[in-house]
Amino acid sequence: MGSTELAALLADARSCVVFTGAGISTESGIPDFRSPGGVWSRYDPRDFTFSRYVRSPEVRELSWRMRYELWQSAPRPNPAHRVLADLEARGLIVGVITQNIDGLHQDAGSRRVVEIHGSSRDVLCIGASPRTGTPQGCGFKAPHEWAYELLEAGALDPPCPECGGIVKTGTVSFGQNLYPDVLEEAGALTRGADLLVAIGSSLQVHPAAGIPTTAQEAGAALAIINDEPTPLDDAADLVVRGRAGEVLPEVTRMIDDDNDRSRSE
Ligand code: APR
């Protein structure tokens, strides 16, 4: 139910933007945050704010352990990520704005990906004691493997090799300001959309969760693919209840069938 309507919306759209959350990566083995058994059912989100990371070596050590374990598990894109890359290649979507930091959209081949909550693929110096929710580092930056090699050699909280400051993944934590250039690109994509498809997000964390409404206010239709209800379901033009890794391949099949039918006419 809903895949047929979504395929029709996609086929008619001139500028479809997809907005994803942790739910699109659960079928790659990465737990989401607010489902039963999700990350926030096992850890307290108040421990993962920017200021706690700056103040507490224990929080930094736990954060590095969690990142390292996820990296070790080597998650791969699932069919949902691959369908979005294929739809972009076909010109049916213009890009993805993702809240995810796992890099799986890029691994699947998506080219225009706006990582509104940053990425865990890089690490950077945030300085010795940044006061506000904005990194104030010396400029050191490296691929995340740099940190994992040090962790494997026994370091628990590797300091900046240039200035001795604190090193963090390039992710945006609670209480941290989003990167202005990323926000600007997400805003431009959102305002230019005539269809916004939100996939695998509980749509609860702002400002990111405001993107679907901003798109609607700019005239876009809103479709939601999620396996649980969201606060925007009533406002959406279409809600497809189901798992992204099943719904999206089904939508592609519908689009292909339509194309085959129109070719044979
Ligand atoms: N298919 C469709 N929906 C799914 C699937 C799936 N395979 N797996 C989970 N979901 C749904 C869940 O039911 C839930 O509604 O995806 C949603 C995920 O919601 P959250 O766990 O809240 O994740 P997200 O919306 O991305 O969280 C936003 O909160 O903790 C912060 O920074 C973190 O970026 C994150 C932000």
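As the structure lists them, so they are numbered: ligands from 1, and atoms in each ligand from 1.
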Cut-off 3.5 Å, side chains only: do Thr171 and Ser120 have a donor facing an acceptor?
no

Would you call the rings of His105 and His81 parallel, tilted or perpendicular, where under 30° means parallel and over 60° means perpendicular?
perpendicular

Flag for Glu152-Tyr148: side-chain donor and acceptor within less than 3.5 Å
no

State, without any angle test, whether Thr134 and Asn177 hold a side-chain donor-acceptor pair at a distance under 3.5 Å.
yes

Least distance between heavy atoms, Arg60 atom then Val54 atom:
NH1-O, 2.9 Å

Ordered by chain then number, the protein residues lying under 4.0 Å from ligand 1 by heavy atom are Gly21, Ala22, Gly23, Thr26, Glu27, Asp32, Phe33, Arg34, Ser35, Trp40, Gln99, His117, Phe174, Gly200, Ser201, Ser202, Val205, Asn226, Asp227, Glu228, Gly242, Arg243, Ala244

Answer yes or no: does atom CG of Asp234 have more than 12 heavy-atom neighbours from other residues, nucleotides or ligands under 6.0 Å?
no

